[in-house]
Amino acid sequence: MRSNKETIAEIHDADYTASLKNRISDLEQKTYELEQTAEKHRRVEFATGTGSFELDCESQNVVLSGGAESLLGFENTEISLDTLKSIVLPEYREIINKSVNKIIKNGKACKLNFRIKNRLTGKILEIETSFEIDTRREIIFATLRDITENSLVRRDSKRNTDLNVLLKISLDLLETLEKRKVLRKIIQNAVELTGLDTGALYLIDKKNIRLEFALPPLPDDFPDEFRNAELAKHPHIAEAARTMSPLIVYDIEKEVLSEEEKLIIRSRNMRSLMYIPLIVLRKTFGILIMGSIGKKYKLGEREIDLSRTFSNISSLALENSMLIEHLRKNLNELKKVISGKIKSEKKLRLLNRAVEQSPASIIVTDSEGFIEYVNPKFTDLTGYEPDEVIGKKPSLLKSGHHPESFYKDLWDTITSGNNWSGEIMNKNKKGDYYWESVLISPLSDSDDRITHFIAVKEDITDKKELLESLVKAKDKAEESDRFKTAFIHNISHEIRTPLNAIVGFSGFLNDQGLDPEKRRNFCDIISESNKQLLSIIDGLLLISQIEAGKIAIIESEVNVSEMLERIYARFQPEIKRKNLGFLLEKEIVDNLTIITDKGKLIQILTNLVGNAIKFTHEGRIILGCRIHDNSIEFRVEDTGIGIPEEEHRKIFERFYQAGKTGSKLYSGTGLGLAISSEYANLLGGSLHLESSPGAGSVFYLTMPVKKS
Ligand code: ADP
């Protein structure tokens, strides 16, 4: 059983519980009523677009009414003052700060209009506020009213004009493509639009500001610190730059200014100012400062509105112009690259044509010397088509003329990155030799590795031949000059000898007492000298006739055997006098008759036999003849002094006498063999010899057999 005490306690408990229940239900009732009131209040606030908040001056906490929550876009009833300020458009923050400070200071209620950005919807609303202070509770109470609609209606007509102006400005600005022009127009339009007196545009470059334009322009003698300054020394500009929002100063005289700001503002006597930021690529590019001079200017909603819109338009135009500037620069770069490419392509085409049509033959090989390309001139010159040489080495043209060391030197030069130039004798497809002047150049890539060799070659066979013949002609001219000098010397000696004899011995003939024997002897000498003189003159005449091409061929039937016998008979006595043997070998040609110029044939053979006698001191002379193939070969063989190999060709040249020193021993003109050789050619034949010093000489005259 339960005790009394317990029962009493239970009763007390029951009472307490009942009273508690009552109080709770009271509270519930009151809360409900309060909620109902709050709800009603909220509905009223919603319907009227109003709200309110309380600001605890100490804690800086703000308690919002339901209407204020939805008006400002907060979901919490309690927020910090800073959070509240964050939705106020920047250009109003300063005003709000000042108004609040003022209320705290003098306790007077005040009204203030500003604009906010609803945190939830992002809508810009114009709010009318009235502030009151409860000094006992240190609480500021504010009522808010959305006057966006009203003010819109109110401002509509004015705004329309402004919008029209702004539209015109926008179009004008957006059509301007040069950055400097855009900047100039911005400042001109801003002054015009706001009706303010002065404007200045500062560009921000990191921590510095630079005056770009001023309207009216600054006098030239204005100190440089008005144009270039540190950003930090101009707090108002810095503030607008940092917040990227217009900053309005109604009366600059009431502001705390830096020394630098004071200097400018006072020198220009400015009062009300607007700092409008120009934003490019989300950075403050510059600050446009508009101001009134001398008097305060009412910078109201309209001006703030205008400056904000204007800032946006200007930023856009500026961004646009800079973008275009950038594009233009890029385009120019691109143009340069493209035109460079076109030019280099043109150059390549030209080069290609130059290579294809080059009068020089061109070979391109890879780094190992395998042919990759040859131009048409190469084919002309060598007879090899590209297909026949591509993939092969230029050594297929080797003539065998140059030693291996020559090619090694060439290869060593070009593989070490140097040019090689020189003359090469090559062999074409037909097997003919030709000379080329060659320049071989290595081609390297960007890493300096040789990738190709280019050989440019010019056929110099003709030039080389020309050069050789020039050298020969020069040598010959020099030699013939020497011969002529020797000849004149010799001829004068040869002429003087018989002339002296003639003149001298003729003188003696006048001597009446001259012994008849001596007289006969002198007459013989004179007659002999006469003959010699005549033969020299004959020779000279003949040479000059041959030279002039005036020698005619007079053909007749010639009995070879008879002709040889007459020559033999003519020389027999002379040979006998020299104690030499004389043989005639003509059996094979007995009864052979040929058609030729008899006189010239006899002249040739006479010369040959005459020389044989002259240059032979012992032994014998053979005059022979035989038929060989279709030609007839006359032979004059002696056992005389012989002729060295190197003189074999020269003795047929005019005026040449072998062994100059020795020649003095032998009379003569050096014309006999030259005339004989020319005659042999005229007869369609040729002269040649076999001879060496001390071993005698054999002269052959070979000519085609022409039978009647
Ligand atoms: P020339 O006999 O009047 O000097 P040639 O033209 O007949 O002129 O001969 C030229 C040169 O050739 C001679 O001077 C001589 O040196 C050489 N020669 C010609 N025939 C013979 C020969 N049979 N034996 C040796 N030398 C010869």
Side-chain angles (χ1 to χ4, degrees), residues 476 479-480 482-498 528-529 531-547 567-568 571 574-575 578 580-583 600-624 633-682 686-701:
K476 205 171 162 183
E479 204 173 49
S480 81
R482 278 200 303 276
F483 295 160
K484 270 181 187 155
T485 317
F487 166 74
I488 287 165
H489 182 79
N490 212 6
I491 223 74
S492 60
H493 172 77
E494 293 298 334
I495 289 175
R496 206 177 294 127
T497 314
E528 196 55 42
S529 300
K531 267 193 222 158
Q532 204 186 339
L533 202 56
L534 275 176
S535 90
I536 292 169
I537 290 165
D538 275 352
L540 285 174
L541 272 174
L542 259 179
I543 283 288
S544 64
Q545 275 178 322
I546 292 169
E547 199 89 62
I567 297 172
Y568 181 81
F571 283 104
E574 198 181 339
I575 290 175
K578 274 194 93 172
L580 299 171
F582 195 17
L583 293 171
K600 293 190 177 62
L601 181 56
I602 291 173
Q603 181 72 61
I604 298 170
L605 293 175
T606 306
N607 280 351
L608 293 180
V609 176
N611 278 346
I613 298 168
K614 188 157 69 175
F615 296 106
T616 306
H617 306 297
E618 57 184 6
R620 47 102 188 100
I621 290 159
I622 301 171
L623 174 60
E633 182 191 81
F634 297 94
R635 178 172 114 261
V636 178
E637 192 179 322
D638 65 43
T639 51
I641 59 170
I643 305 158
E645 172 87 31
E646 63 272 18
E647 310 260 8
H648 284 194
R649 198 179 49 81
K650 293 182 176 169
I651 54 169
F652 291 101
E653 289 171 5
R654 292 165 196 176
F655 313 117
Y656 190 84
Q657 289 180 298
K660 265 191 165 179
T661 44
S663 67
K664 280 192 177 166
L665 292 169
Y666 306 97
S667 63
T669 58
L671 293 172
L673 282 180
I675 293 167
S676 302
S677 166
E678 295 279 358
Y679 274 7
N681 290 341
L682 288 170
S686 65
L687 273 182
H688 71 278
L689 77 149
E690 287 165 2
S691 177
S692 57
S697 311
V698 190
F699 281 84
Y700 297 96
L701 164 65

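In each ligand, atom 1 is the first atom listed, and ligand 1 is the first ligand listed. We count residues from 1, following the sequence as given. Computed over heavy atoms, backbone and side chain alike; hydrogens, waters and symmetry mates excluded.
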Practice item. Provide the number and element of each atom of ligand 1 under 4.0 Å from a heavy atom of Lys614. Key: 1 (P), 2 (O), 3 (O)
Point to revise | Pairwise distance CG(Leu623) to CD1(Ile575) - rounded to 0.5 angstrom | key: 8.5 Å
Point to revise | Gly640 to ligand 1, any heavy atom closer than 4.0 Å | key: no
Check your understanding: Of all the atoms in ligand 1, which lie at a distance below 4.0 Å from a heavy atom belonging to Ile643?
Key -> 18 (N), 21 (C), 25 (C), 26 (N), 27 (C)
Review point. Should the pair Phe652 and Phe699 be assigned to parallel (<30°), tilted (30 to 60°) or perpendicular (>60°) ring geometry?
Key: perpendicular
Exercise for review: Please could you name the atoms of ligand 1 that Leu671 approaches to less than 4.0 Å, counting only its heavy atoms?
Suggested key: 6 (O), 8 (O)
Check your understanding: Any idea which of Asn607, Val636, Ile651 brings a heavy atom closest to atom 17 (C) of ligand 1?
Key -> Ile651
Review point. With Phe634, which of Leu687, Leu601, Ile567, Leu608 fulfils side chain to side chain contact (heavy atoms under 4.5 Å, CB included)?
Key: Leu601
Exercise for review: Could you tell me whether Phe699 and ligand 1 have an N or O pair separated by under 3.5 Å?
Suggested key: no
Point to revise | Neighbour count above 12 (heavy atom, 6.0 Å) for Glu618 CD | key: no
Practice item. Measure the spacing between OG of Ser691 and CD of Glu637 and express it to the nearest 0.5 Å. Key: 10.5 Å
Review point. Applying a 4.0 Å heavy-atom criterion (strictly less than), which segment of Asp638 is in contact with ligand 1: side chain, backbone, both, or neither?
Key: side chain
Exercise for review: For Gly672, counting its heavy atoms only, list the atoms of ligand 1 lying under 4.0 Å from any of them.
Suggested key: 5 (P), 6 (O), 7 (O), 8 (O)
**Study point:** Listed once per pair and sorted, the salt bridge (charged side-chain N to carboxylate O under 4.0 Å, His left out) pairs that draw on residues 671-682, sequence neighbours left out
**Key:** Arg654-Glu678
